[in-house]
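This report refers to the structure that appears directly beneath it.
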Protein chains: 2
Amino acid sequence: MMNVNIKALLTNFVNLTEEEWLVLSASLVTKQYKKGDYLLKENDYCNHVGFVDKGFFNFYYLIGGVEHIRGFFFPNEFISNYPCFLLENKSKFYIQALEDCSVTLIHRNDLLMLYEKLPKVQVLSRKIVENLYMEVSGKYESFFLNSPEERYLELINKRPNFLQRVPQYMIASYLGMTPEGLSRIRKRNS
Amino acid sequence: MMNVNIKALLTNFVNLTEEEWLVLSASLVTKQYKKGDYLLKENDYCNHVGFVDKGFFNFYYLIGGVEHIRGFFFPNEFISNYPCFLLENKSKFYIQALEDCSVTLIHRNDLLMLYEKLPKVQVLSRKIVENLYMEVSGKYESFFLNSPEERYLELINKRPNFLQRVPQYMIASYLGMTPEGLSRIRKRNS
DNA sequence: CACACACATTGATCCGGGTTAAGAAATAAA
DNA sequence: TTTATTTCTTAACCCGGATCAATGTGTGTG
């Protein structure tokens with residue numbers, strides 16, 4: 001089941017006793033999304049954080065009718081609009097399922113409750129954010145230090161089977177260029 | 001004194017009792033840096049995190065003899081190479097004092113010790129990282145969503161007295177463009 | 001099968017910022 | 001103040017990717 005997945009995932013961060021896991025998992029809910037469904041829309045409040053069990057999502061800003069894709073959420077990855085979750089702001093981006101998906105979520109209220117009940121969840125949360133921070137720092141750096149071409153090559157190197165499942169124009173958008181631009185890069189490196 | 005500053009700062013995140021503060025502050029050390037000094041160099045290990053008391057720093061990557069400035073650390077801001085601190089990796093960038101500076105630091109070992117001794121430090125740490133995450137997320141977004149021109153205007157709007165203290169070419173580097181490019185933008189908007 | 005629609009490629013042109021190089025302005029040093 | 005050094009501006013040229021537009025390729029639907 002999904003809970004096995006999640007449990008293993010969280011155990012990478014902290015060791016949970018069986019009782020602790022029972023308390024924690026009582027707050028988890030599993031939700032299904034069909035391809036094209038939205039986990040979050042612009043102006044929604046983001047009251048959950050979670051992990052992707054199956055399928056994958058992207059998130060994008062809609063500006064002047066154009067989708068600016070800023071990232072993807074893959075299986076076993078954290079999923080949320082975390083800044084909005086923390087600040088209780090309206091989301092400025094969309095999170096959309098690119099395939100049929102399953103995610104395991106926890107509501108803010110339950111998380112805050114767990115912070116009180118289980119000190120280890122504090123540690124867990126800290127370590128998860130630390131990882132998020134390292135990830136986004138890395139992406140930020142690479143955006144300055146590498147050319148679009150290098151970023152493209154880095155991407156297909158890092159996730160070989162990733163390209164096959166995502167249309168070209170999304171990757172282009174993710175890399176901050178036009179589909180035409182990406183097409184030319186591909187031509188050069190073939 | 002500096003400790004008053006820091007205490008106030010930390011109290012924004014968690015309420016510390018007097019005893020807790022005494023335990024925590026016993027691990028804090030204050031260090032002075034003259035203009036031009038390095039708080040961290042490439043290939044150094046980063047064993048401390050801290051806050052800036054006075055003055056300010058920048059951090060930059062040195063690539064092919066060129067400094068790529070990626071950010072600044074201002075008074076009352078967190079300062080570290082946090083990914084390297086966490087992973088115990090060698091730093092890939094420099095942190096340099098742009099004025100005479102004073103910082104309050106804590107060593108990794110002391111922080112880990114405090115995690116055990118004072119559960120509130122777990123909370124504190126989590127909240128600090130959450131803020132770091134939100135900040136870098138914002139910078140990352142703005143890099144895609146705004147033109148260089150917009151980013152420049154946003155910057156001088158956000159930190160009016162900031163420009164005066166930093167040479168143009170550093171701001172250009174920070175914005176990911178050449179000094180010449182920034183000069184043209186300035187001309188356009190004058 | 002034929003058709004429609006979404007996606008990818010290619011070509012022509014445009015444009016912003018990079019690059020190079022020179023000169024002006026400001027700041028520091030003598 | 002004069003000189004030297006750093007910083008900033010300006011101009012000429014170049015180049016990569018954006019834009020616009022047309023064509024090609026594919027996939028699924030009636």
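Note on naming: letters A, B, ... go to the chains in the order of the sequence lines (proteins, then strands), and numbering restarts at 1 for each one. Just so it is clear, the values below take in all heavy atoms, side chains as well, and ignore hydrogens, waters and symmetry mates. In this text the structure is predicted, and so the values were computed from the model without any measurement.
Of the possible polar contacts, none joining the A:Arg126 side chain to the B:Ser125 backbone as a donor-acceptor pair under 3.5 Å is found.
Residues B:Val166 and B:Met170 share a closest heavy-atom pair of CG1-CB, 3.5 Å.
Atom pair B:Lys35:NZ and D:dT6:P shows a separation of 13 Å (rounding to whole Å applied). Computed from coordinates, the B:Tyr152 OH to D:dC8 P distance equals 11 Å when rounded to whole Å. Distance CZ (B:Arg186) to C1' (C:dG16): 19 Å, rounded to an integer number of Å.
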(message) B:Glu42 vs B:Lys92, test: salt bridge (Lys or Arg N to Asp or Glu O under 4.0 Å). Steps then yes/no.
(response) CA-CA 5 Å; B:Glu42 190 175 0; B:Lys92 283 189 275 187; over 6 Å; no
For a quick test of your reading: what N or O donor-acceptor pairs under 3.5 Å do the side chains of residues 62-77 of chain A make, sequence neighbours left out?
{"from": "A:Arg70", "atom 1": "NH1", "to": "A:Tyr174", "atom 2": "O", "distance (Å)": "3.3"}
{"from": "A:Arg70", "atom 1": "NH2", "to": "A:Tyr174", "atom 2": "O", "distance (Å)": "3.2"}
{"from": "A:Arg70", "atom 1": "NH2", "to": "B:Tyr140", "atom 2": "OH", "distance (Å)": "3.4"}
{"from": "A:Glu77", "atom 1": "OE1", "to": "A:Phe74", "atom 2": "N", "distance (Å)": "3.0"}
{"from": "A:Glu77", "atom 1": "OE2", "to": "A:Arg159", "atom 2": "NH2", "distance (Å)": "3.0"}

Ignoring hydrogens and angles, write down the donor-acceptor pairs under 3.5 Å from the side chains of residues 31-39 of chain B, residues two or more places apart or on other chains.
{"from": "B:Asp37", "atom 1": "OD2", "to": "B:Lys34", "atom 2": "N", "distance (Å)": "2.8"}
{"from": "B:Tyr38", "atom 1": "OH", "to": "B:Tyr60", "atom 2": "OH", "distance (Å)": "2.9"}
{"from": "B:Tyr38", "atom 1": "OH", "to": "B:Gln96", "atom 2": "NE2", "distance (Å)": "3.4"}

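Under 3.5 Å, the side chains of A:Arg108 and A:Asn47 contain a donor-acceptor pair of N or O atoms.
Under the rule for a ring-ring contact (aromatic ring centres under 6.0 Å, His included), the partners of A:Phe93 that lie at least two apart in sequence or sit in another chain are A:Phe59, A:Tyr61. For the side chain to side chain contact (heavy atoms under 4.5 Å, CB included) test, no residue two or more places apart in sequence or in another chain qualifies with A:Pro119. With sequence neighbours left out, B:Leu86 forms a side chain to side chain contact (heavy atoms under 4.5 Å, CB included) with A:Glu130, A:Met134, B:Tyr82. The side chain to side chain contact (heavy atoms under 4.5 Å, CB included) check on B:Glu180 picks up B:Thr178, with sequence neighbours excluded. For A:Asp100, the side chain to side chain donor-acceptor pair (under 3.5 Å) criterion is met by no residue, not counting sequence neighbours. Applying the side chain to side chain contact (heavy atoms under 4.5 Å, CB included) test to B:Asn12 and every residue at least two apart in sequence or in another chain returns nothing.
Of the candidates A:Lys7, A:Lys120, A:Lys117, A:Lys120 is the only one forming a salt bridge (charged side-chain N to carboxylate O under 4.0 Å, His left out) with A:Glu20.
A heavy atom closer than 4.0 Å to some atom of DNA chain C occurs in A:Pro167, A:Gln168, A:Tyr169, these being the qualifying members of residues 167-175 of chain A.
Between B:Lys187 and C:dG16, a side-chain N or O to OP1/OP2 separation shorter than 4.0 Å is absent.
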(message) How would you summarise protein contacts on nucleotides 17-23 of chain D per nucleotide, using B for base, S for sugar-phosphate only and - for none, with heavy-atom distances below 4.0 Å?
(response) SSBBB--
Polar pairs (N or O, both sides) under 3.5 Å between protein and nucleotides 24-30 of chain C?
none

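Each end of the helix from C:dC1-D:dG30 to C:dA22-D:dT9 yields a helix axis from five base pairs, and these two axes differ in direction by 30° (to the nearest 10 degrees).
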